[in-house]
Amino acid sequence: MSGPYGRVPDVPDVFAAGDATTFPLKQGGLATQQADAAAEAIAAELGAAVEPTPFRPVLRGLLMTGGAPLYLRSALSAAGDPEETSARRTARRPASEVSRRALWWPPSKIAGRYLAPLLATARPPLLSASQMQDYRPGPEGADRDDAYELALMLAEEDAAMGDYGQALRALDAASALTGGVLPAEWTQRRDAWRAARESAQTPA
Ligand SMILES: Cc1cc2nc3c(=O)[nH]c(=O)nc-3n(C[C@H](O)[C@H](O)[C@H](O)COP(=O)(O)OP(=O)(O)OC[C@H]3O[C@@H](n4cnc5c(N)ncnc54)[C@H](O)[C@@H]3O)c2cc1C
């Protein structure tokens with residue numbers, strides 16, 4: 001169990017974040033938000049000039065579809081349900097949104113304020129320069145470039161973790177979005193990843 005600032009009740013100086021807490025949804029992005037709340041509370045307790053922000057869960061997920069992915073985002077209550085407040089209803093802003101356009105950037109699978117830019121560092125510096133930002137849903141139709149960039153980024157993340165099969169699938173998705181054409185730099189990577197996958201599968 002941990003409170004809105006990650007404090008474990010009845011145990012002085014102990015904070016918790018992530019899957020080990022009693023928050024009902026277990027997800028990397030939510031874990032980073034709990035860690036942010038705990039880090040700010042600890043810093044404030046140690047005298048840093050910060051106003052701690054409580055954990056306000058926002059679930060962000062990517063649904064891989066074989067083409068352009070779907071971005072899913074939902075503001076949650078403390079119980080882990082979609083949070084439909086009267087302020088949201090007045091502003092006609094639903095708790096949950098679905099979009100083919102990026103709803104946050106960098107569009108990492110682990111959507112954390114600092115972790116998403118860190119995981120994007122394998123991609124050009126443009127993606128990793130700042131903290132993760134939320135976007136409002138945009139008009140449909142201009143999603144192809146986002147989806148292509150995302151597929152390349154996921155391919156690189158998977159390859160960096162040694163999952164060449166998944167990296168090649170992400171590269172196939174990128175290729176499908178450009179009519180089967182990939183820049184030479186990426187076809188070279190595809191060849192290298194295929195070779196790496198085969199050598200990993202070959203018995204010693
Ligand atoms: C297959 C799978 C896919 C997932 N995909 C996604 C995704 O796409 N996006 C997303 O946001 N989330 C995803 N998740 C969920 C995400 O991985 C977890 O919610 C997140 O890792 C939780 O972070 P954590 O720091 O709380 O725990 P963990 O990441 O589990 O970290 C806990 C660490 O503590 C270590 N540890 C355990 N016991 C001890 C001990 N006694 N001493 C020292 N160290 C110890 C463990 O080895 C581990 O490294 C996925 C989970 C799974 C299983």
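In each ligand, atom 1 is the first atom listed, and ligand 1 is the first ligand listed.
- Although no hydrogens or angles enter the test, the distance criterion places a donor-acceptor pair under 3.5 Å between the side chain of Gln27 and the main chain of Arg60.
- Of all the atoms in ligand 1, the ones that sit under 4.0 Å from a non-hydrogen atom of Lys26 are 19 (O).
- Looking from atom 6 (C) of ligand 1 to the surrounding protein, the closest heavy atom is Ile110 CD1, 4.4 Å.
- Distance from atom 23 (O) of ligand 1 to its nearest protein heavy atom, with residue and atom name: Ala31 CB, 4.0 Å.
- Of the listed residues (Asp19, Leu30, Leu25), the one carrying the non-hydrogen atom nearest atom 18 (C) of ligand 1 is Asp19.
- In this structure a side-chain-to-backbone donor-acceptor pair under 3.5 Å is missing from Lys26 to Ala20.
- Heavy-atom neighbours of Asp10 CG from other residues, nucleotides or ligands within 6.0 Å: at or below the threshold of 12.
- The distance from the CG atom of Leu154 to the CG atom of Asp163 is 11.5 Å, given to the nearest 0.5 Å.
- Atom-to-atom distance recorded for Glu51:CD and Thr53:OG1 is 7.5 Å, nearest 0.5 angstrom.
- When distances from atom 42 (N) of ligand 1 to the protein are checked, no heavy atom turns up under 4.0 Å.
- Nearest to atom 12 (N) of ligand 1 among the protein's heavy atoms is Gly28 N, 3.0 Å.
- Within a 4.0 Å radius of atom 9 (N) of ligand 1, the protein contributes one or more non-hydrogen atoms.
- Checking atom 26 (O) of ligand 1 against the protein gives a heavy-atom contact under 4.0 Å.
- When only modelled atom types and interatomic distance are considered, Glu97 and Ser74 share no side-chain donor-acceptor pair under 3.5 Å.
- Atoms of ligand 1 found under 4.0 Å from any heavy atom of Gly29, numbered from 1 in the order shown, are 11 (O).
- Using a cut-off of 4.0 Å between Lys/Arg side-chain N and Asp/Glu carboxylate O, Glu40 and Arg113 are scored as salt-bridged.
- In this structure, atom 37 (C) of ligand 1 has its sub-4.0 angstrom surroundings free of protein heavy atoms.
- Taking the ring centroids of Phe15 and Tyr5, they lie at or beyond the 6.0 Å cut-off.
- Of the inter-residue distances, the one linking Arg190 atom CZ with Asp172 atom CG reads 7.0 Å to the nearest 0.5 angstrom.
- Close contacts of ligand 1 with Gly18, meaning ligand atoms under 4.0 Å from a residue heavy atom, involve 26 (O).
- Atom 46 (C) of ligand 1 is never approached by the protein to below 4.0 angstrom, counting heavy atoms only.
- The backbone and the side chain of Gln27 each have at least one atom closer than 4.0 Å to an atom of ligand 1 (non-hydrogen atoms only).
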